[in-house]
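Scroll down for the structure; my scribbles are underneath it.
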Amino acid sequence: MGTKLNTLQHPLICPKSGDRELEDGAKCFLCCEPLANYTYFSLDCGFNLHKKCAKLSFKLNHVCHRKHPLVLQFNSEQFSCKICGETSGKGLGFIYGCSPCKFAAHLKCVSAALDLVIGDKRHEHPFSLFPRGSSFICDACGIEGSYASYICCTCNIMVHKKCTSLPRIIKSKWHDHHLFHKYFLRIEDFRVLDCIMCNYEVSTDHGSYYCSECDVILHVKCAMKDKDSYEIVENEDEEQCWRSYKVTHFMHMHNLMLGPFVGGYENSCEGCMLPITDPFYYCTECVFFLHKACAELPKMKNVWRHRCREPLALISYKGIRCEQCRQISNTFAYECSECEGQICLRCVIALTPGARTCLKHEHPLFFYRDYKGQCNACGFTTRWAGGAFCCKDCNFVLHLQCFSLPIPVRHKCDEHLFLLTDHDDNSYSENHHCDICEESRRPNRWFYHCAKCDTSAHVGCVLGKYPFLKLGSIYEETGHPHPLTIVKKKYYYPDCDECSKPCEDVALECSESECKYIVHWDCVAPGSLQSRSKWPI
């Protein structure tokens with residue numbers, strides 16, 4: 001199993017004041033820890049030892065391995081410690097081991113006295129030491145352990161020593177709600193739950209972190225992989241939620257009231273530009289609406305797959321091009337102070353770790369950055385690549401841009417909302433066409449449909465070039481002396497003061513009533529805020 005410590009035949013000398021000085025960063029030959037002031041060293045071999053390591057027994061008996069004595073030796077085969085389950089550094093260094101049984105243990109794990117009983121406030125009952133002769137699966141983290149286990153006889157669970165103090169509640173930077181540690185999780189509909197971090201199945205027979213509000217689950221090792229990725233919540237009441245009927249929001253000057261949906265689709269959410277649906281907040285003093293989910297967005301948020309480590313800041317009413325979907329918007333978005341990158345709210349939500357459901361598909365979808373394949377919505381492959389949402393159970397694939405398509409939208413050609421539809425059931429019609437552009441469309445490609453009026457249209461025809469620019473908001477980054485309002489004329493199309501063509505799409509109109517200035521968005525907006533492509537469907 002390793003090299004025994006019988007080669008150290010030279011005498012060890014305890015240094016006196018003024019004797020040979022140690023080099024900076026020198027470490028103990030046995031435990032590989034930095035040297036203390038009082039050391040032993042060998043003039044002939046040129047190695048240093050802690051005084052306490054020089055006194056280590058060459059052989060010893062241990063409660064975790066009663067069959068044979070453990071011998072101090074070099075871990076040449078890089079075995080992991082059977083007591084703590086970890087491998088120190090690169091797996092090298094000295095250990096106590098049993099070669100016939102391939103048993104290895106860190107020096108500090110052998111030297112440390114194993115507590116017979118451990119009590120921790122995170123678990124209501126004490127844990128008792130239960131030495132084993134074989135491996136076990138830890139009920140707290142789901143990872144294999146061996147020899148030194150601790151059991152709670154009341155709850156009938158067996159865990160690693162380090163797992164006796166697992167935090168009961170944590171706040172992950174990748175999820176907006178508290179995550180609760182569960183030893184066992186009972187799923188009544190027998191669904192398979194996948195970890196939102198690694199996309200692999202989580203065994204509900206062993207420990208995990210779970211959010212019941214979102215049905216989100218993480219492996220313990222994924223939730224606590226990086227110390228900077230979570231915070232321990234000591235008090236369950238620490239989370240500040242928007243629960244009251246009357247709130248304030250830092251993006252609006254007046255109080256907002258939580259109101260029921262009373263019908264009508266003339267109002268849109270100021271945060272995401274989508275039609276208002278229940279539940280939402282509204283202002284009693286002016287026309288301002290926010291979906292409850294948009295109102296609860298944090299001011300600072302870690303955005304998954306963003307290249308910088310610092311949290312991004314919530315912004316609004318600032319024209320941006322999303323670095324993920326490349327769409328232009330001036331609604332809620334997150335901006336990085338380090339790289340100045342900006343990500344729209346739709347992509348922030350879509351890329352947040354977790355299984356996603358989408359438009360009548362029966363299985364959850366997971367995002368894979370390097371996947372390139374044909375999208376079920378638009379039919380394109382590499383053109384709209386850069387990652388895709390894929391189903392682990394079938395061949396269903398959606399590109400990020402298609403996955404983030406708004407499901408309910410409005411268009412001037414219909415008084416009702418259009419709903420995103422994944423296939424055309426009108427088998428009686430051999431020629432499927434768009435009721436807006438009157439051109440043909442493919443029945444197996446996604447489209448928008450109004451069931452009440454039986455109106456169908458291409459996605460691009462309904463959304464237009466700039467569906468996420470907030471109409472009625474002010475845009476001042478032009479050479480015009482007055483503030484300009486973002487508008488989209490419905491029936492009357494005045495000529496653009498720049499190109500003299502009718503302003504049929506998004507335009508900028510002077511907010512001063514005496515000034516009749518109006519221009520296309522594309523005529524005055526900087527190139528970085530102009531749409532360079534059409535919707536693929």
Side-chain angles (χ1 to χ4, degrees), residues 120-125 127 136-145 150-152 154-160 162-243 292-293 296-298 301-305 348-358 362-367 389 391-393:
D120 192 278
K121 64 180 181 180
R122 296 179 177 90
H123 189 72
E124 56 186 331
H125 311 124
F127 286 94
F136 68 98
I137 301 298
C138 174
D139 288 320
C141 69
I143 298 176
E144 183 178 358
Y150 284 81
I151 62 172
C152 173
T154 305
C155 301
N156 193 28
I157 56 177
M158 182 178 296
V159 301
H160 300 117
K162 63 181 179 180
C163 291
T164 59
S165 57
L166 272 179
R168 194 174 74 86
I169 309 173
I170 63 172
K171 179 66 173 68
S172 172
K173 70 178 183 179
W174 303 122
H175 192 66
D176 293 334
H177 306 130
H178 288 172
L179 298 171
F180 290 78
H181 181 260
K182 303 289 185 181
Y183 285 101
F184 310 103
L185 195 61
R186 297 292 175 247
I187 307 298
E188 294 183 359
D189 56 2
F190 304 103
R191 288 178 294 116
V192 173
L193 297 180
D194 294 309
C195 173
I196 67 171
M197 302 298 292
C198 67
N199 292 354
Y200 287 105
E201 181 180 349
V202 179
S203 172
T204 55
D205 291 333
H206 301 290
S208 60
Y209 279 100
Y210 182 70
C211 173
S212 59
E213 187 170 347
C214 304
D215 197 27
V216 160
I217 195 169
L218 291 85
H219 291 114
V220 171
K221 64 178 181 180
C222 294
M224 311 188 75
K225 184 178 182 180
D226 183 357
K227 290 184 178 180
D228 296 330
S229 66
Y230 71 94
E231 296 177 355
I232 298 176
V233 179
E234 299 291 351
N235 184 358
E236 191 171 342
D237 297 329
E238 283 183 11
E239 186 176 16
Q240 297 180 356
C241 301
W242 298 65
R243 301 296 185 191
K292 186 173 181 289
E296 294 174 357
L297 290 169
K301 183 178 179 65
N302 292 94
V303 176
W304 186 246
R305 301 187 183 276
V348 168
I349 295 173
L351 294 176
T352 298
R356 299 286 183 264
T357 56
C358 182
E362 58 181 330
H363 306 135
L365 304 178
F366 293 89
F367 184 75
F389 288 88
C391 178
K392 297 172 65 175
D393 300 298

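Everything numeric here is computed off the predicted structure, so don't read it as measured data. For reference, positions follow the sequence shown, starting with 1.
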### Message
Ring centroids only, cut at 6.0 angstrom: are Phe136 and His160 within range, meaning strictly under it?
### Response
yes

Exercise for review: Indicate yes or no: at least one non-hydrogen side-chain atom of Leu193 is less than 4.5 angstrom from one of Thr204.
Suggested key: yes

In this structure, CD1 of Ile157 is separated from CZ of Phe127 (nearest 0.5 Å) by 4.0 Å

Heavy atoms of Asp139 and Asn156 approach each other most closely as OD2-O, 4.3 Å

Taken to the nearest 0.5 Å, the spacing of Tyr183 OH from Ser208 OG works out to 11.5 Å

Tightest non-hydrogen contact, residues His125 and Thr154, listed as CE1-CG2, 3.3 Å

Worksheet item: Would a line drawn from the ring center of Phe389 to the ring center of Phe367 be shorter than 6.0 Å?
Response: yes

d(Ser229 OG, Ile170 CD1) to nearest 0.5 Å is 7.5 Å

- Message: Any side-chain to backbone donor/acceptor pair from Asp194 onto Glu201? Under 3.5 Å, distance only.
- Response: yes

Report yes or no: is the cationic atom of Lys392 (NZ for Lys, CZ for Arg) under 6.0 Å from the centre of the six-membered ring of Phe366, at an angle within 45° of the ring normal? yes

Partner of Val220 under side-chain contact (heavy atoms from CB on, under 4.5 Å), picked from Lys182, His181, His206, is His181

Surrounding CZ of Phe184 (heavy atoms of other residues, nucleotides or ligands, distance under 6.0 Å), is the total greater than 12?
yes

Separation between OG (Ser172) and OH (Tyr230), nearest 0.5 Å, reads 10.5 Å

Nearest heavy-atom approach of Cys163 to Cys141 is SG-SG, 3.8 Å

When every non-hydrogen atom of Val159 is compared with those of Thr164, the smallest separation belongs to CG2-CG2, 3.7 Å

The reported gap from NZ in Lys225 to NE2 in His219 (rounded to nearest 0.5 angstrom) is 12.0 Å

When rounded to the nearest 0.5 Å, the distance separating CD of Glu362 from CG of Asp393 is 8.0 Å

Of all heavy-atom pairs linking Val348 and Thr352, the shortest is O-OG1, 2.6 Å

The single option from Val216, Leu166, Ile217, Ile169 that satisfies side-chain contact (heavy atoms from CB on, under 4.5 Å) with Tyr209 is Leu166

Closest non-hydrogen atoms of Cys211 and Leu179, given as atom of the first, atom of the second and distance, are CB-CD2, 3.7 Å

